[in-house]
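Since the structure comes first, as structure tokens, the remarks are kept for the end.
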Amino acid sequence: MSRGGGGRLALALALVLSTVALPCSAAALKVGFYKGKCGLVDVESVVASIVASRFSKDRSVVAALLRLQFHDCFVNGCDASILLDGSSSEKTAGPNSSVRGYDLIDRAKAAVEAICPGVVSCADIIVMATRDAVALAKGGRYDVQTGRLDGKISLAQNVNLPSPSMTVSQAASAFARKGLAVADMVVLLGGHTVGIAHCSLFQDRLYNFDGLGNPDPTMDPKLAAALRARCPQFATADNTVNLDQNSSSALVVDSSFYKQIVARRGILQIDQELALDRLSKSLVATLANATDFAARFGRAMVKLGALQSRLPGEIRSSCRAVNKRS
Ligand code: HEM
Ligand SMILES: *[C@@H]1O[C@H](CO)[C@@H](O)[C@H](O)[C@H]1NC(C)=O
Ligand SMILES: *[C@@H]1O[C@H](CO)[C@@H](O)[C@H](O)[C@H]1NC(C)=O
Ligand SMILES: *[C@@H]1O[C@H](CO)[C@@H](O)[C@H](O)[C@H]1NC(C)=O
């Protein structure tokens, strides 16, 4: 081989190596990534204790974190881009409406930074904290992979979350673009077994769904009447109702959400459609009586957590801002 060829080869090799060395949000994930990375301290239990103390005061933290992980992972992968402040960052986009839990992530981040600064990513904190919250809400405990980097870009215009009035097949296409199958989507939407929705996001189903003054015919008329009382047509306040209408399990991560949608008691249009569309209804019927919902949900959350961006990443020192000079 000529010297020139060898030079080109060396250059190519250097390029490959530098690309590999360049920290990228698409890092190799594994269970227990932080083991031994923070002295003898178990990073996962530091996060878990912050979540447990919040949960003991406010069980709605479970819903807050589940939605936070979905919104983070679905846009640019799980890179904590949703946490970045800024006048046009992701959290300012319409579908953010009422995403919560930012303060809890700040607390967990402060706790791990105090012990080993610059080691634990905000993206991993979201995923670990959500796992802990699900377990506390009786949803079962699943192992999460860690080793993510935090992204440096967060733009409202990149927020491409499905809307609640999409059909199942439209929503399925949005999930498919992320590499998630219909079955993953159906199980992940089981996240709506906790939490609340604002009237403004399903009001159209209650009053004039067909343009002729009739409510959505797929909704149980008794539920529609109750919701009309809770969500007056010309109200100024935007009230909330539970996404899981089984009042004894509204704060529990379980499969009763599926029983509710089979009984035509879904709140969001997409939730109700899951029980009716031929793409999803047989899995919904299975899940309504499933004894292994927790295991299925855990596997789907791990899949959601594996979505990654290929953009450069870092370990942020504040979850709300990219590092200076990086
Ligand atoms: C097609 C996909 C999805 C759509 C269209 C959708 C839509 C919505 C909407 C409109 C709300 C109500 C927000 C509000 O009124 O403030 C909501 C709440 C929520 N979503 Fe979803 N969602 C989807 C998937 C998911 C997934 C995959 C998860 C988690 C695994 C999730 C977890 C939650 C939770 C926990 C809440 C309640 C939040 C709270 O109480 O603060 N959603 N979702
Ligand atoms: C979420 O989006 C709404 C509507 O675009 C905006 O008014 C609100 O300030 C945003 N919330 C956050 C936390 O940025
Ligand atoms: C309501 O929730 C309780 C407690 O989790 C459960 O035992 C019951 O089967 C649920 N019922 C329906 C109709 O969803
Ligand atoms: C779940 O099982 C119960 C009891 O066997 C049955 O009555 C109900 O129809 C089942 N639900 C669904 C959605 O298959």
Side-chain angles (χ1 to χ4, degrees), residues 58-74 94-102 126-127 130-131 133-134 137-139 160-176 178 180 182 184-205 220 231 238-275 277 280-291 293 297-298 300-305 307:
D58 176 11
R59 289 178 68 182
S60 82
V61 70
V62 182
L65 288 171
L66 271 168
R67 189 155 186 244
L68 186 66
Q69 177 174 338
F70 173 52
H71 284 217
D72 185 36
C73 295
F74 213 76
N96 80 23
S97 41
S98 63
V99 172
R100 308 176 287 124
Y102 300 114
I126 293 176
V127 170
T130 303
R131 180 270 310 274
V134 167
K138 303 194 165 68
N160 52 356
L161 288 157
S163 103
S165 53
M166 273 183 179
T167 63
V168 171
S169 71
Q170 288 168 333
S173 309
F175 276 70
K178 308 287 168 184
L180 296 169
V182 181
D184 299 321
M185 180 179 89
V186 173
V187 173
L188 284 169
L189 269 161
H192 289 172
T193 181
V194 289
I196 54 177
H198 288 82
C199 293
S200 54
L201 292 162
F202 58 86
Q203 192 109 0
D204 58 325
R205 303 186 65 206
D220 168 11
C231 306
D238 198 1
N239 286 340
T240 60
V241 304
N242 290 335
L243 284 165
D244 178 352
Q245 281 291 308
N246 180 347
S247 55
S248 52
S249 72
L251 291 167
V252 181
V253 174
D254 66 2
S255 63
S256 93
F257 164 76
Y258 298 100
K259 280 204 176 75
Q260 293 298 314
I261 62 177
V262 167
R264 300 184 170 257
R265 293 170 59 78
I267 296 297
L268 302 177
Q269 190 180 330
I270 183 74
D271 291 352
Q272 189 53 65
E273 286 301 320
L274 279 187
D277 195 288
S280 47
K281 65 181 180 187
S282 67
L283 180 51
V284 165
T286 303
L287 291 169
N289 274 334
T291 51
F293 172 69
F297 189 64
M301 288 299 291
V302 170
K303 252 182 142 172
L304 178 66
L307 301 183

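Order of appearance sets the numbers: ligands from 1, and atoms from 1 within every ligand.
Atoms of ligand 1 found under 4.0 Å from any heavy atom of Leu201, numbered from 1 in the order shown, are 10 (C), 12 (C), 13 (C), 14 (C), 15 (O). The atoms of ligand 1 that sit less than 4.0 Å from any heavy atom of Gly191 are 35 (C). Every atom of ligand 3 is numbered from 1 in the order shown, and the set under 4.0 Å from a heavy atom of Ser248 is 1 (C), 2 (O), 3 (C), 4 (C). Interface of Asp254 with ligand 3, defined as ligand atoms under 4.0 Å from a residue heavy atom, comprises 5 (O). Atoms of ligand 1 found under 4.0 Å from any heavy atom of Leu189, numbered from 1 in the order shown, are 2 (C), 3 (C), 23 (C), 24 (C). Less than 4.0 angstrom separates some heavy atom of Ser249 from each of these atoms of ligand 3: 2 (O), 5 (O). Each of the atoms 13 (C) of ligand 4 lies under 4.0 Å from some heavy atom of Ala288. Each of the atoms 26 (C), 27 (C), 28 (C), 29 (C), 30 (C) of ligand 1 lies under 4.0 Å from some heavy atom of Leu188. Each of the following atoms of ligand 1 lies closer than 4.0 Å to a heavy atom of Leu243: 18 (C), 19 (C), 36 (C), 37 (C). Counting the atoms of ligand 1 from 1 in the order shown, those under 4.0 Å from a heavy atom of Gly195 are 37 (C), 40 (O). Interface atoms of ligand 1 facing Pro164, defined by a heavy-atom separation under 4.0 Å, are 5 (C), 10 (C). Less than 4.0 angstrom separates some heavy atom of Pro162 from each of these atoms of ligand 1: 1 (C), 2 (C), 5 (C).
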Passes side-chain hydrogen bond (donor to acceptor under 3.5 Å, both in side chains), Arg205 versus Ser165? Steps please. CA-CA 10 Å; Arg205 303 186 65 206; Ser165 53; over 6 Å; no
Show the numbers, then the answer: is there a side chain to side chain contact (heavy atoms under 4.5 Å, CB included) between Met301 and Thr130? CA-CA 9 Å; Met301 288 299 291; Thr130 303; 3.8 Å; yes
Please test Ser169 against Asp277 for side-chain hydrogen bond (donor to acceptor under 3.5 Å, both in side chains), starting from the C-alpha separation and ending with a verdict. CA-CA 8 Å; Ser169 71; Asp277 195 288; 5.6 Å; no
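The residue from Leu268, Leu65, Leu66 that puts a heavy atom closest to atom 9 (C) of ligand 1 is Leu268. Atom 24 (C) of ligand 1 has its nearest heavy-atom neighbour, among Phe175, Phe202, Phe70, in Phe70. Closest heavy-atom approach to atom 39 (C) of ligand 1 among the candidates His71, Arg67, Arg100, Gln170: Arg100. Nearest-heavy-atom check against atom 43 (N) of ligand 1 across His192, Gln269, Met166 picks out His192.
Asp184 places none of its side-chain heavy atoms less than 4.5 Å from the side chain of Phe175. A 4.5 Å side-chain heavy-atom check between His192 and Leu268 finds at least one atom pair inside the cut-off. Val252 is listed as a side-chain neighbour of Arg59, based on a closest heavy-atom distance under 4.5 Å. Side chains of Val186 and Leu287 form a contact here, defined as non-hydrogen atoms less than 4.5 Å apart. Side-chain contact between Leu65 and Ile126 is absent, with no heavy-atom pair separated by less than 4.5 Å.
Residues Pro162 and Phe70 come closest through the heavy atom pair CD-CZ, 4.2 Å. Annotation for Cys199 and Asp238: closest pair N-OD1, 3.2 Å, computed over non-hydrogen atoms. Across every non-hydrogen atom of Cys73 and Leu304, the tightest pair is CB-O, 3.5 Å.
In Lys178, the NZ atom is crowded: over 12 heavy atoms of neighbouring residues, nucleotides or ligands sit closer than 6.0 Å.
Every N/O-N/O distance between Ser163 and ligand 1 stays at or above 3.5 Å. Annotation: Ile196 places an N or O atom under 3.5 Å from an N or O atom of ligand 1; distance criterion only.
Remark: Asp220 CG to Gln272 CD distance equals 9.0 Å, nearest 0.5 Å. Distance check, rounded to the nearest 0.5 Å: CG of Asp271 to OG1 of Thr193 gives 10.5 Å. For the atom pair CG (Asn242) and CG (Leu251), the distance works out to 7.0 Å, reported to the nearest 0.5 Å.
If you look at Ser60 next to ligand 1, there are no close heavy atoms at all, none under 4.0 Å. When non-hydrogen atoms are compared, ligand 3 lies under 4.0 Å from neither the backbone nor the side chain of Val252.
Distance screen at 4.0 Å: atom 10 (C) of ligand 4 has a protein heavy-atom neighbour inside the cut-off. Closer than 4.0 Å to atom 2 (O) of ligand 4 lies at least one heavy atom of the protein.
In terms of protein heavy atoms, atom 8 (C) of ligand 3 is closest to Asn246 ND2, 3.7 Å. Taking atom 6 (C) of ligand 4 as the reference point, the nearest protein heavy-atom neighbour is Asn289 ND2, 4.2 Å. Atom 13 (C) of ligand 3 has its closest protein heavy atom at Gln260 NE2, 3.7 Å.
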